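In what follows, a single structure is set out as structure tokens and then discussed.
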2 protein chains.
Amino acid sequence: MPSVTRPDRRPLRADAARNRELLLAAAADEFAERGIDASMADIARRAGVAKGTVFAHFATKEELIAAIVGDHFAALTAVARNLLDSADPGAALLEFLTVAAGGQRQHDLAFLQTVAEGDSEVTELRNEFHASIGALVDRARDAGAVRADITGTDVLLLICAPVHAIGFLANPEPDLWRRYLAIIFDGLRPEGANPLPRPAPSWP
Amino acid sequence: MPSVTRPDRRPLRADAARNRELLLAAAADEFAERGIDASMADIARRAGVAKGTVFAHFATKEELIAAIVGDHFAALTAVARNLLDSADPGAALLEFLTVAAGGQRQHDLAFLQTVAEGDSEVTELRNEFHASIGALVDRARDAGAVRADITGTDVLLLICAPVHAIGFLANPEPDLWRRYLAIIFDGLRPEGANPLPRPAPSWP
DNA sequence: AGTCAACTTGACCCAGCGGTCATCTTACGA
DNA sequence: TCGTAAGATGACCGCTGGGTCAAGTTGACT
């Protein structure tokens, strides 16, 4: 559970800082279990604080989601940057996707990202995330580990696919997503790749 | 827009039958645009009927969703069965996936399926759908068009992935999903396939 | 210890949702 | 053309969920 910083803000009082962490953790759990339907009241209960405290920290539900998504992006950006030093660029990309998918839970977190779209800080973190994936993909492509017509944006869009796929099953084995990650990753391999029917999208 | 039948029920009066069609079409549009948040009132307005009429046809929101999902499964089952005669089993599977993905809209319809899980008629249709995909995949595998370790269930779980992937983009080109379908389909090709880390799931 | 701003609390508000039903309208067989 | 059962209507209900706020509590600094 990464400690969350609030850039350029006066430091919080000790109890407030603790509650903020509890809230973010409880919210992440609740969203993972119940999807977007998780209520602010349930999150408060899970964190062991009153409902009003949630809104003292996050003015709206959107703001709370933005904080979670921002943390998520920041953490994955750090992972991607660390893997840039790896000796095997193909394995590094696969490792990154494994960490990214493994960090999601029962519900995939894609929907949270779309809710947080308006937040400028999240946009900033998302752009850094995008760039760090791009670097990872470029290295893998240069090494011939993935097909030439794949971009970082493609990989970004496919991150949630493995977890999303197993969402249809009522009680999936917890790491069944690895199977679908492997299939999708095999879709990126260069051997005998078929040309793609549409050009890569630009972002945003 | 496939005409919807209601098996073993007394035929509807002309106006009621028409309204039922209007409602199903309006609901499909509304769910496609707004996801699960589409409200019964909005669906009624879009169909040009009063709110009470919606509940006269579908006792609950779940029942309405089940009707939509059931239609969807039935239509795709018919497509899959037609393609079983195709001369090229690999192309037939790709064609099926293209039709299945193309039939979805802005929001992927995966979430509707999970809501409709309790309905026994939908379960029946889903099982037929599953079986028809299985037959398509078996033929493709026998022909060497897809890797040996892929099952019909795998393909079923991956149907929504291409549309889901482009959901991150604010204004995706309408058929960008074809790019991600091509990548995922390439993940199924036999040439140089890497062994999959987890066994195929059973269903359900 | 005393002070006070920072923080927490939970009762409260209200909009919007799914769902109901008494009443009105209409398709259709005779 | 008419009688009537099937269907349409929209005001209404209870509830849930996001969000507010005046009053109470507490961490931190002197």
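Only this structure's heavy atoms are used, side chains among them; waters, hydrogens and symmetry mates stay out. Chain A is the first sequence line, chain B the second, and so forth, proteins listed ahead of strands; every chain is numbered from 1. On a predicted model such as this, the values are computed, not experimentally measured, just so you know.
- As rounded to whole Å, 16 Å separates atom C1' of dT9(D) from atom CE of M40(B).
- Atom-to-atom, CG of D42(A) to C1' of dG18(D) comes out at 13 Å; the value is rounded to the nearest Å.
- As a whole-Å value, the separation of F55(B) CZ from dG14(D) C1' is 14 Å.
- Heavy atoms only, all atoms of each residue included: E117(B) and F168(A) are closest at OE2-O, 3.7 Å.
- Rounding to whole angstrom units, CG of residue L23(B) and P of dG7(D) are separated by 13 Å.
- Here the straight-line distance linking atom CG of L94(A) with atom CD1 of I184(A) works out to 12.0 Å at 0.5 Å rounding.
- Contact of the F58(B) side chain with the R20(B) side chain is registered, since non-hydrogen atoms from C-beta on lie closer than 4.5 Å.
- Here dA8(D) presents its P atom at 10 Å from CG of L22(B), a figure rounded to the nearest Å.
- Ionic pairing of D186(A) and R189(B) is not present here: no N-O contact between side-chain nitrogen and carboxylate oxygen is shorter than 4.0 angstrom.
- Using a 30° and 60° split on the angle between ring planes, H164(B) and H164(A) fall in the parallel class, below 30°.
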Q | Under 4.0 Å protein heavy-atom contact, by nucleotide of nucleotides 3-9 of chain C - B base, S sugar-phosphate only | A | ---BSSB

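- Residue A14(A) places its side chain closer to dG27(D) than to any other of dC28(C), dG27(D), dT20(D).
- The CD1-C1' distance, from I65(A) to dG17(D), rounds to 13 Å in whole Å.
- Atom pair I43(B):CD1 and dG19(C):P shows a separation of 11 Å (rounding to whole Å applied).
- R18(B) places its CZ atom 13 Å from the P atom of dT26(C), with the value rounded to the nearest Å.
- Atoms CE and NZ, on M40(B) and K51(B) in that order, are 9.0 Å from each other to the nearest 0.5 Å.
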